[in-house]
Amino acid sequence: MQEQQRPPLAILDMINKNYHLAEVLTPPVNFEGLDVLMIAHPHRLPPAVLYAIDQYAMSGKPVLMFLDPLAETSQPSMRNPMMPEFPSSDLGPLLQAWGIEMADDKVVTDRNMALRVTATSGRQRIVASYLPWLQVKKDNLSPDDVATSQLSLMRISSAGALRVARNSDLKMSPLITTTPDSMLMNRADVMGRPNPNELIEKFKPAGERLVLAARLSGPAKSAYPDGPPVPDEERAKPLLPHLKQSTGSVNLVVVADTDMLSNTHVVDQRGSPNSSNSDFVLNILDSLAGGLDLNGLRGRGLSVRSFTLVDAMEARDEDRYRATERKLTQQLEETQQQLAQLQTQNAPAGADVPALSREQQETIGKFNRQIVEIRRQLRDVRAAGRAQIEKLELQLKLFNIILVPLMLVLLGLFSWMWRRMRLKSHLASLRLNGRAT
């Protein structure tokens, strides 16, 4: 359901062109006639609705769920518009009973997949990697699943990580994964979009790929083994008698992010796709509904060409700057502490301004000069790194704007001269043949 005073979701229009959308999670719910049950960022669902979802899944019907530990683009809080009203999704007892784990207080971060953003450090603007915002490229999409094999680029923000419980019989087939250079970070550290460098300082890669979206199949147990939690008149009309466990294999797709459905992640300002997010959703719906045409897979139109050399240089520059920044920042803090201690020495009781000797004043001046010098060095480190990258970017532009056209002109000139020489040779041979006859 679209929230009031918010722009409609472009993804819903795209789905509506291929399927008939109907809101079914309002009691009394009735899932009869559905091809796929799609759930996005559930929270505070009544017991009757949770029971209906559970029984629908136990019957083997397809369910697509978008869950999130930090839904940044969801409805803002009335108390604090900068924070979401419901940060994390909530499906009650369902996930635990089915054997699916996703911590609602942990957010996935990845240094290799992180989106580079413009941030502010003091009075300066810097380009840094924001670890919770991820660019999902082809290497992170399953090549074996028909829904992802032809996709090229997706955008995901502040996602969770999916696991199958140890005592579960479910089989997980990952659709989207991170690189090994990733970790789960506390949601509290990510809330409010802190300075990217603060998150980078806390980042310690776990060395394993985390699952952001997956298909789940196999036997599962109901979250309500003793029957419906509410009276019959309040629950959904069941498609089958009460099921204590799945009749066969469940048919689930779980995506640990809901921000990927937002307009900023799906289309640009002109309404054109800026990622493969919509193709992913439509492909999943097609496959779950059983009508997937292998020759009509979506996701072929968006191509991405990465400047791997520039990206690698930026990553090295960021690492180099961060190491130097830590060292200089530590020196700056130590100098400021020494300055503060010196300024409070020998201060008369009750005096607002401490009385300092000439030697102390000279030392304070020295510390101030050191602070200015350290800050200058910080600026120089950043400027030096950016200068190298800008030099490479300039070389690439010159190559594309001047050298490539020049090469084409030279190639054309060479081709013209070669054809002209062949023509002259051919005419000469004709003249010789004519004289011989």
Side-chain angles (χ1 to χ4, degrees), residues 40-44 65-77 79-96 100-117 119-121 126 128-136 140 155-166 172 174 176-214 254-262 265 315 318-319 322-323 325-326 329-330:
H41 194 39
H43 50 266
R44 295 184 181 178
M65 296 182 290
F66 293 90
L67 310 177
D68 209 325
L70 178 55
E72 296 186 40
T73 57
S74 65
Q75 181 179 354
S77 170
R79 297 179 296 276
N80 183 3
M82 298 300 294
M83 307 294 289
E85 181 70 22
F86 304 102
S88 61
S89 305
D90 178 20
L91 266 179
L94 300 191
L95 291 185
Q96 182 178 359
I100 305 171
E101 296 180 349
M102 189 194 83
D104 60 3
D105 61 345
K106 299 290 184 180
V107 172
V108 171
T109 57
D110 190 299
R111 186 160 47 190
N112 289 334
M113 300 171 64
L115 185 70
R116 298 187 68 79
V117 299
T120 302
S121 178
I126 62 173
S129 298
Y130 191 65
L131 301 181
W133 292 357
L134 309 180
Q135 290 189 94
V136 182
N140 306 106
R155 290 185 58 193
I156 285 179
S157 298
S158 304
L162 300 172
R163 296 181 184 273
V164 172
R166 292 184 178 180
M172 174 181 284
I176 306 174
T177 58
T178 66
T179 70
D181 197 15
S182 61
M183 74 168 288
L184 283 172
M185 195 168 287
N186 292 329
R187 185 181 67 186
D189 294 334
V190 180
M191 292 279 281
R193 300 179 183 175
N195 187 306
N197 287 333
E198 294 180 12
L199 299 181
I200 292 174
E201 290 294 331
K202 299 176 182 178
F203 183 79
K204 296 179 180 179
E208 64 173 323
R209 293 181 181 271
L210 303 176
V211 178
L212 307 180
V254 182
V255 183
D257 181 49
T258 60
D259 299 308
M260 65 162 295
L261 301 174
S262 66
H265 290 54
E318 187 174 331
D319 291 339
R322 197 160 53 246
E325 182 189 40
R326 281 196 297 267
T329 301
Q330 183 178 0

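Any value given below was found using the heavy atoms of this structure, including those in side chains, with hydrogens, waters and symmetry copies removed. Starting from 1, each residue takes its place in the sequence as its number.
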**Message:** Quick one: does any side-chain atom of Asn112 pair with a main-chain N or O of Asp181 as donor and acceptor, under 3.5 Å?
**Reply:** no
**Prompt:** Crowded around Arg209 CZ? As in, over 12 foreign heavy atoms under 6.0 Å?
**Reply:** yes
**Item:** Heavy-atom check, side chain of Val190 versus side chain of Ser158, under 4.5 Å
**Value:** yes
**Item:** Candidate list Thr109, Asp259, Leu70, Leu115, test side-chain contact (heavy atoms from CB on, under 4.5 Å), partner Pro132, passing option
**Value:** Thr109
**Request:** Would you check, one step at a time, whether the test side chain to side chain contact (heavy atoms under 4.5 Å, CB included) holds for Leu95 with Leu67?
**Result:** CA-CA 11 Å; Leu95 291 185; Leu67 310 177; 3.6 Å; yes
**Prompt:** Just by distance, do the side chain of Asn186 and the backbone of Ala188 share a donor-acceptor pair under 3.5 Å?
**Reply:** no
**Message:** What I'd like to find out is whether the side chain of Asp90 reaches to under 4.5 Å of the side chain of Arg44, using heavy atoms alone.
**Reply:** no
**Message:** Within the 3.5 Å criterion, strictly below it, is a donor on Ser129 or Arg116 matched to an acceptor on the partner's side chain?
**Reply:** yes
**Item:** Side chain proximity check, His43 to Glu85, heavy atoms < 4.5 angstrom
**Value:** no
**Asked** Is a side-chain donor or acceptor of Thr178 paired with a backbone partner of Leu210 at a separation under 3.5 angstrom?
**Response** yes
**Request:** Count the heavy atoms belonging to other residues, nucleotides or ligands that lie under 6.0 Å from CD of Gln96, then report whether that count exceeds 12.
**Result:** no
**Message:** Less than 4.5 Å apart, side chain to side chain, heavy atoms only: is that true for Val164 and Ile100?
**Reply:** no
